[in-house]
Amino acid sequence: MAEVMGFQKIRIVLVETSHGGNIGAAARAMKNMGVSRLYLVNPAEFPSAQATFRAVSAGDVLEGAVVCSSLAEAIADCSLVIGTSARERKIPWPLIDPVTCAEKTLEMNHQGAETAIVFGREDRGLKNEELQNCHYHVNIPTSGDYSSLNLAMAVQVICYELVNQSGLPLPQESWDQPPASAEDLNHFFEHLERTLVQVGFHDPDNPRQLMSRLRRLFYRINPDQMEMNILRGFLTAINHASSQDTAALPVDNTKE
Ligand code: SAH
């Protein structure tokens, strides 16, 4: 049997699951593979008899589940967020397969940093704005005829690859700074948007895809905490310079 110990820094996040039975089946799939940390964002029915029934011997995973009221709360302290998606999206995002998902997740786990693998609703999957909180999207390859797996089966495949890849040696890359968390990144994006509006580069009434594209850029770079601090300081300097400029501008008397 493959090494199944040591997935402590890995959490499975289920967003707005409708059926308690799927939560139970997902918990069972996790426990079979040695993954124990379950986060539920606004589940429609939980706890439920169906969840307990379908979990069979994984009742402990359900009992330990953390219920959150938003995705942001469920992933706040995560340095790597991977969203699952059954289909292509409007803005393409870095897309990986379950093996690469496992490799990246195991590497983070090995470094002691938190990873969330996020699963969507049974009927609609994850919304675009939720997927834009992710470093990567993972797709389970399927027949072209029907790409959408049952939620718990998707959890099973992703967790199985964690076990499957966990016997392989991990790359020994070391970094001088801890990775930025989802919360750090979201604060940075808020600050960036405010600043872009302030300097007149971004019109919130005509946003086009500007913030989505910038989110994608920074998730792709995957900044560390020090780099985030530098960028926040840089934005603050722009905020100050820009408000002084505005104050120093001569009053325009030529307008009616
Ligand atoms: N109809 C939805 C799919 C929902 S399936 C849609 O078109 O997006 C429920 C969840 O199972 C998805 O949100 C995703 O988390 C997971 N899932 C199902 N099929 C998948 C696949 N092929 N690859 C990755 N995740 C998948």
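All residue numbers in this chain count up from 1 along the given sequence. Both ligands and their constituent atoms are indexed starting at 1 by order of listing.
Under the side chain to side chain donor-acceptor pair (under 3.5 Å) test applied with R232, the options H191, H187, E227 reduce to a single match, H191. Considering L71, N42, L40 as possible partners of V15, the one that fulfils the side-chain contact (heavy atoms from CB on, under 4.5 Å) test is L71.
Protein heavy atom at the shortest distance from atom 9 (C) of ligand 1 is R121 O, 3.4 Å. Closest to atom 3 (C) of ligand 1, if we only count protein heavy atoms, is S148 OG, 3.4 Å. Of the protein's heavy atoms, T84 OG1, 2.5 Å lies nearest to atom 15 (O) of ligand 1. The nearest heavy-atom contact from the protein to atom 8 (O) of ligand 1 is R87 NE, 3.1 Å. Ranking the protein heavy atoms by distance from atom 22 (N) of ligand 1 puts S147 O, 2.9 Å first. The protein heavy atom nearest to atom 1 (N) of ligand 1 is D123 O, 3.1 Å. Ranking protein heavy atoms by distance to atom 20 (C) of ligand 1, first place goes to A86 CB, 3.7 Å. Among protein heavy atoms, atom 26 (C) of ligand 1 sits closest to A154 CB, 3.9 Å.
Ring orientation note: the planes of Y219 and W93 are tilted relative to one another, at an angle of 30° to 60°.
There is no side-chain donor-acceptor pair under 3.5 Å between D77 and S181. One side chain, R215 or N133, offers a donor N or O that lies under 3.5 Å from an acceptor on the other.
Short contacts between ligand 1 and R89, defined as distances under 4.0 Å to a heavy atom of the residue, involve ligand atoms 8 (O). Atoms of ligand 1 found under 4.0 Å from any heavy atom of V138 (numbered from 1 in listed order, with element): 24 (C). The ligand atoms of ligand 1 that sit less than 4.0 angstrom from a heavy atom of R124 are 2 (C), 8 (O). Remark: ligand 1 atoms within the under-4.0 Å shell around heavy atoms of F119 are 15 (O).
Taking each of N139, V155, I158, L151 in turn, the one with a heavy atom nearest to atom 11 (O) of ligand 1 proves to be L151.
The shortest N/O to N/O separation between G120 and ligand 1 falls below 3.5 Å. An N or O contact shorter than 3.5 Å links I140 to ligand 1 by distance.
A donor-acceptor distance shorter than 3.5 angstrom exists from the side chain of T52 to the backbone of S48, with no hydrogens or angles considered. Of the possible polar contacts, one joining the H137 side chain to the L131 backbone as a donor-acceptor pair under 3.5 Å is found. Judged purely by atom type and a 3.5 angstrom limit, R37 has no side-chain atom pairing as donor or acceptor with the backbone of V66. Although no hydrogens or angles enter the test, the distance criterion places no donor-acceptor pair under 3.5 Å between the side chain of T17 and the main chain of H19. At distances below 3.5 Å, at least one donor-acceptor pair connects side-chain atoms of Q198 with backbone N or O atoms of N239.
With a heavy-atom cut-off of 4.0 Å, S85 touches ligand 1 through its backbone alone.
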